[in-house]
Number of protein chains: 2
Amino acid sequence: MYRHMISLEQKYDSLLQEAERRSQPGIANLRLCFELLALTAAIDRDCAVRLAPYNLSEGKFVVLFLLHGQPQGLSPHELADRAGVTRPTITGLLDGLERGGFLARHSGLQDRRKVSIRLSEKGDATARSLFAEHTRWIGSLFEGFSAEERSQFSALLQRVWRSTDAGKMESPAIAGEPAP
Amino acid sequence: MYRHMISLEQKYDSLLQEAERRSQPGIANLRLCFELLALTAAIDRDCAVRLAPYNLSEGKFVVLFLLHGQPQGLSPHELADRAGVTRPTITGLLDGLERGGFLARHSGLQDRRKVSIRLSEKGDATARSLFAEHTRWIGSLFEGFSAEERSQFSALLQRVWRSTDAGKMESPAIAGEPAP
DNA sequence: GACATTTGATTAGGCGCCATACTATGTACC
DNA sequence: GGTACATAGTATGGCGCCTAATCAAATGTC
């Protein structure tokens with residue numbers, strides 16, 4: 001059919017086959033959803049491939065970038081908030097980054113509970129070059145998209161988003177009315 | 001601006017802010033990519049929420065569904081192939097599913113290396129009801145999409161796909177020519 | 001000053017995924 | 001029939017994420 005078709009993950013192929021066998025309604029929607037998931041999975045894989053040479057994961061990259069340009073450092077708590085992960089997760093990421101020599105933990109001065117995380121020379125250099133490289137790569141995924149196509153794509157994404165749980169929570173002004 | 005906007009993960013917000021501060025080119029592409037990732041993350045979360053009451057993850061659900069309608073069972077190897085994960089991963093999923101009483105391992109008859117995985121009563125019942133429920137939910141994400149919108153969306157996804165590493169490998173007929 | 005409460009960071013334990021390395025069984029070849 | 005190889009399954013250990021529990025330091029209250 002199509003010349004270039006998104007190749008679905010094996011599991012989604014199996015799922016689709018079964019749905020077809022049962023002649024389930026809404027197969028077209030199912031396939032579309034799987035294409036969406038497959039695309040994101042491919043992007044995630046590419047991302048991991050690009051960071052692997054530096055011994056970084058996506059989570060570690062985010063931490064590195066958050067610390068960049070913060071010579072006085074950030075606390076694990078702040079990092080967790082800005083990265084959108086839990087504090088224990090940050091602890092793990094910091095362990096790995098410290099092992100790799102990207103940063104160091106410095107004990108706090110005023111509040112002795114606090115730890116100040118600061119990039120090493122290596123960490124700073126890596127963050128600087130990698131940020132530009134990485135955002136350039138991400139941008140390149142949408143190379144050739146016109147402004148109109150972008151807003152078309154964005155509008156479609158938003159329509160799906162509104163069907164998700166998170167999307168439904170976004171408009172409580174109407175839904176929050178007292179039930180009759 | 002928009003009434004309903006996809007709320008990005010915290011980390012992507014930070015990344016975007018920094019890119020804006022640097023007035024990096026291609027910010028629009030960057031934002032679009034993050035919207036795509038945020039949507040998929042939201043779908044994954046919803047999926048996990050819907051499976052959690054059954055003590056199932058997405059991986060386990062796939063295994064359950066693959067075994068459904070296979071009264072003679074499947075081997076871990078076959079399951080790994082069809083689920084698109086490695087054999088060690090299947091071992092872990094089977095451990096969990098066996099603990100949960102969804103299936104049992106039966107030692108092979110002819111080939112004593114092989115193990116036959118068969119669903120229990122509970123596993124079969126769960127698979128049956130959950131498959132329909134789950135695919136119905138996925139389909140509902142795209143409720144209200146016309147056939148035209150679907151193909152429009154699919155076309156956009158495919159365009160991005162072609163920029164990924166996986167997408168570039170798909171057309172080796174041209175790229176595979178001997179280098180001069 | 002002694003108490004409970006809050007806050008900061010970590011540890012412990014679990015899940016899902018992976019890669020590597022192993023054991024046991026089957027198969028092919030000389 | 002014995003050696004080499006392939007195959008099946010798994011144990012081990014790693015990573016990234018989570019929740020719940022723990023410990024230390026700061027803070028509020030009496």
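In what follows, every heavy atom counts, from backbone to side chain, and hydrogens, waters and symmetry copies are set aside. Just so we're on the same page: letters track the sequence lines, and every chain starts at 1.
With salt bridges taken as basic N to acidic carboxylate O contacts below 4.0 Å, none links B/Glu133 and B/Arg136.
The residue B/Glu78 sits apart from the nucleic acid: no heavy atom pair falls under 4.0 Å. The residue B/Ser57 sits close only to the backbone: its heavy atoms come under 4.0 Å of sugar-phosphate atoms, none of a base. Within 4.0 Å of A/Leu93, counting heavy atoms only, lie sugar-phosphate atoms of the nucleic acid but no base atom.
Rounded to an integer number of Å, the gap from CG of B/Leu94 to P of C/dC15 is 14 Å. Note: CG (A/Leu56) to C1' (D/dG14) measures 16 Å, nearest angstrom. Between the CG atom of B/Asp111 and the P atom of D/dG9 there is a distance of 8 Å, rounded to whole Å. Across the protein-nucleic acid pair, A/Asp95 atom CG and D/dC17 atom P stand 13 Å apart, rounded to whole Å. As rounded to whole Å, 11 Å separates atom P of C/dA9 from atom CG of A/Leu74. Atom pair A/Ile90:CD1 and C/dT11:C1' shows a separation of 16 Å (rounding to whole Å applied). For the pair B/Glu9 CD and D/dC18 C1', the interatomic distance rounds to 15 Å; values are reported in whole Å. The distance between atom CG of A/Asn55 and atom P of D/dC15, rounded to the nearest whole Å, is 10 Å.
If you check distances only, the side chain of B/Arg112 never reaches the base of C/dT25 with a donor-acceptor pair under 3.5 Å.
Taking only side-chain atoms of A/Pro88, from C-beta outward, the nucleotide of C/dT11, C/dC17, C/dG26 with the closest atom is C/dT11. The side chain of A/Thr91 lies closest to C/dA9 when the candidates are C/dC17, C/dA9, D/dG9. For A/Pro76, the listed nucleotide lying nearest its side chain is C/dT10; candidates were C/dT10, D/dT10, C/dC15. For B/Arg87, taking side-chain heavy atoms from C-beta onward, the closest of the listed nucleotides D/dT10, C/dT10, C/dG26 is D/dT10. In this structure, the nucleotide among D/dG9, D/dA11, C/dT10 sitting nearest to the side chain of B/Lys114 is D/dG9. Of the candidates C/dG16, C/dT10, C/dG8, C/dG8 carries the atom nearest the A/His77 side chain, counting heavy atoms from C-beta on.
At least one test fails for A/Arg150 against the ring of A/Phe142: distance under 6.0 Å to the centre or angle within 45° of the axis.
Between C/dT10 and A/Arg113, no contact under 4.0 Å exists linking OP1 or OP2 to a side-chain N or O. Side-chain nitrogen and oxygen atoms of A/Thr86 include at least one within less than 4.0 Å of the OP1 or OP2 phosphate oxygen of D/dC18. The side chain of A/Arg45 contributes no N or O atom lying less than 4.0 Å from OP1 or OP2 of C/dC18.
Using modelled atom types and a 3.5 Å distance limit, the side chains of B/Thr89 and B/Thr86 yield a donor-acceptor pair. Under 3.5 Å, the side chains of B/Ser107 and B/Arg105 contain no donor-acceptor pair of N or O atoms. Side-chain contact check for A/Thr126 and A/Arg128: no donor-acceptor pair (N or O, by modelled atom type) lies under 3.5 Å.
Atom CZ of B/Phe65 and atom CG of B/Leu119 lie 11.5 Å apart (nearest 0.5 Å).
Comparing A/Thr89 and A/Gln110 by the nucleotide of DNA chain D that holds the closest heavy atom to each, the one mapping nearer the 5' end is A/Thr89.
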